[in-house]
Amino acid sequence: MAATEASGDDVRCVRLSAERARTLLADVDTLLFDCDGVLWRGETAVPGAPEALTALRARGKRLGFITNNSSKTREAYAEKLQRLGFGGPSGPNAGREIFGTAYCTALYLRQRLGGAPTPKAYVLGSAALAAELEAVGVTCVGVGPEPLQGEGPSAWLDAPLEPDVRAVVVGFDPHFSYMKLTKAVRYLQQPSCLLVGTNMDNRLPLENGRFIAGTGCLVRAVEMAAQRQADIIGKPSRFIFDCVSQEYGINPERTVMVGDRLDTDILLGVTCGLKTVLTLTGVSTLGDVKSNQESDCMSRKKMVPDFYVDSIADLLPALQG
């Protein structure tokens with residue numbers, strides 16, 4: 001049964017039937033999609049999702065992909081879209097539809113550290129995140145495994161630090177360690193050193209209903225240890241939408257955000273004045289929607305989509321014929 005919010009004539013989170021989808025798409029130029037849990041789970045495309053996006057492209061709709069995952073460059077995401085059958089630009093234009101937190105973090109640091117002659121960042125994250133930062137002139141240190149050095153806390157604190165580190169960037173880092181956490185805190189003892197988190201997702205969905213801990217777990221560890229609050233780049237932060245808007249020239253009233261998480265995708269859409277569609281192939285459920293609707297917390301009440309679908313493949317009937 002569809003979850004609904006009754007507030008006068010305001011009814012939200014209704015099933016997006018073919019008829020409703022046709023009406024919605026007639027008033028839309030741009031559709032923005034989350035990736036993990038919406039287009040694919042791990043390395044497997046959601047059934048029918050590639051066909052739905054192909055049909056949208058054929059109808060002349062502009063597509064964009066906003067992902068909180070910082071483990072790939074724009075070009076790597078473009079290659080994955082091609083490999084899984086979603087199409088999109090290739091060659092020199094590969095990646096122009098992708099707005100990942102690795103790329104947008106690079107834009108943020110270019111903006112914040114633009115006056116530094118040789119900006120440098122300590123990166124708790126992937127080689128892809130470092131590559132995006134290096135592409136805008138930010139030198140990266142810290143990527144890869146970093147085991148404890150020495151026999152105890154005194155030795156850990158004596159480990160050498162890189163000079164002139166202006167930012168600590170926390171992304172998805174499978175090599176996260178106590179040594180890295182200790183170094184991050186030492187860098188952040190300098191008040192001028194920025195603390196930047198790519199996103200606050202608590203888990204990353206994979207195939208067969210499995211998941212792994214997300215970047216937000218790592219950001220919280222650094223925040224707590226450093227007693228600092230990170231600047232967050234990814235959804236639901238408006239910064240990532242501003243990156244899309246500046247490159248795409250988006251009209252929010254004619255744009256849809258499609259995602260699987262209420263606290264990131266849907267909240268971003270609501271905050272930025274977009275139409276919103278929740279797909280049930282990822283993290284959030286209709287039970288989560290109902291809980292938000294019934295909550296007395298106004299911030300939770302915002303996390304309710306306009307529509308929902310079981311899968312974005314549900315758009316196909318509205319796009320065929």
Side-chain angles (χ1 to χ4, degrees), residues 13-41 43-69 72 74-91 93-100 205 235 240-241 243-245 247-261 264-266 268-270 272-282 284 305-321:
C13 197
V14 296
R15 180 180 286 277
L16 190 60
S17 64
E19 181 180 354
R20 289 191 181 107
R22 280 190 286 270
T23 300
L24 173 66
L25 293 172
D27 294 330
V28 163
D29 302 316
T30 305
L31 293 94
L32 304 176
F33 291 90
D34 178 45
C35 296
D36 298 292
V38 175
L39 305 182
W40 56 67
R41 302 184 191 93
E43 293 299 316
T44 304
V46 170
E51 292 81 0
L53 265 63
T54 297
L56 286 167
R57 293 185 191 278
R59 289 291 185 93
K61 302 301 181 184
R62 181 170 53 175
L63 308 183
F65 305 95
I66 308 182
T67 173
N68 275 359
N69 193 325
K72 290 183 175 65
R74 297 182 96 183
E75 290 73 18
Y77 266 111
E79 188 278 330
K80 184 170 184 177
L81 285 167
Q82 291 276 355
R83 174 163 42 86
L84 295 183
F86 291 97
S90 58
N93 289 322
R96 68 179 176 84
E97 294 180 331
I98 315 297
F99 297 86
K235 300 169 291 186
I240 196 167
F241 176 74
C243 293
V244 182
S245 187
E247 292 199 24
Y248 263 27
I250 282 176
N251 176 358
E253 294 181 357
R254 295 188 62 82
T255 302
V256 174
M257 179 70 219
V258 184
D260 70 307
R261 293 185 61 121
T264 57
D265 307 314
I266 301 308
L268 175 74
V270 171
C272 297
L274 316 179
K275 299 174 178 66
T276 54
V277 177
L278 174 71
T279 176
L280 302 178
T281 49
S284 296
D306 297 309
F307 305 100
Y308 79 91
V309 290
D310 292 326
S311 158
I312 61 172
D314 291 358
L315 296 175
L316 280 171
L319 295 165
Q320 295 171 337

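Side chains are part of it too, since the values below use all heavy atoms of this structure and drop only hydrogens, waters and symmetry mates. In what follows, residues are counted from 1 in the order of the sequence shown.
Not counting sequence neighbours, Asp260 has no partner by the salt bridge (Lys or Arg N to Asp or Glu O under 4.0 Å) test. Residues meeting the side chain to side chain donor-acceptor pair (under 3.5 Å) test with Glu253, sequence neighbours left out: none. Contacts of Asp36 classified as side chain to side chain donor-acceptor pair (under 3.5 Å), with partners at least two apart in sequence or in another chain: Trp40, Asn69. Partners of Thr30 according to the side chain to side chain contact (heavy atoms under 4.5 Å, CB included) rule, which considers only residues two or more places apart in sequence or in another chain, are Leu32, Arg62, Tyr248, Ile250, Thr255. Take Ala21 and apply the side chain to side chain contact (heavy atoms under 4.5 Å, CB included) test, not counting sequence neighbours, and it matches Leu16, Leu315, Ala318.
A pairwise comparison of heavy atoms in Pro47 and Ser311 identifies O-OG, 3.9 Å as the closest pair. Closest approach of Lys61 to Val28, counting heavy atoms only: NZ-O, 2.7 Å. Annotation for Ala49 and Ala313: closest pair N-CB, 4.3 Å, computed over non-hydrogen atoms. A pairwise comparison of heavy atoms in Pro89 and Arg96 identifies CG-NE, 3.7 Å as the closest pair. The two residues Arg254 and Ala26 come nearest to each other via the heavy atoms NH2-O, 3.8 Å. Nearest heavy-atom pair across Phe99 and Ile240 is O-CD1, 3.8 Å.
Although no hydrogens or angles enter the test, the distance criterion places a donor-acceptor pair under 3.5 Å between the side chain of Thr54 and the main chain of Pro50. Looking only at distances, no side-chain donor or acceptor of Lys275 sits under 3.5 Å from a matching main-chain atom of Asp306.
Rounding to the nearest 0.5 angstrom, the gap separating the OH atom in Tyr77 from the CG atom in Leu39 is 10.0 Å. Taken to the nearest 0.5 Å, the CZ atom of Arg261 stands 9.0 Å off from the NZ atom of Lys235. Separation of atoms CZ (Arg15) and CG (Asp310) is listed at 4.5 Å; rounding is to 0.5 Å. Rounding to the nearest 0.5 Å gives a distance of 8.0 Å between OG of Ser284 and CD1 of Ile266. Interatomic distance, CG of Asp314 versus OG1 of Thr279, reported as 7.5 Å (0.5 Å rounding).
With contacts defined as side-chain heavy-atom distances shorter than 4.5 Å, the pair Leu81/Ile98 qualifies. Looking at heavy atoms from C-beta onward, Leu56 lies in side-chain contact with Leu25 at the 4.5 angstrom threshold. Using a 4.5 Å heavy-atom cutoff, the side chains of Thr281 and Ile312 are not in contact. Using a 4.5 Å heavy-atom threshold, the side chains of Leu24 and Val256 count as touching.
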Could you go through the side-chain contact (heavy atoms from CB on, under 4.5 Å) check for Phe86 and Leu63 one step at a time? CA-CA 11 Å; Phe86 291 97; Leu63 308 183; over 6 Å; no
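Within the structure, salt bridge (Lys or Arg N to Asp or Glu O under 4.0 Å) contacts touching residues 78-88 (residues at least two apart or in different chains) are Glu43-Lys80, Glu43-Arg83, Glu79-Arg83.
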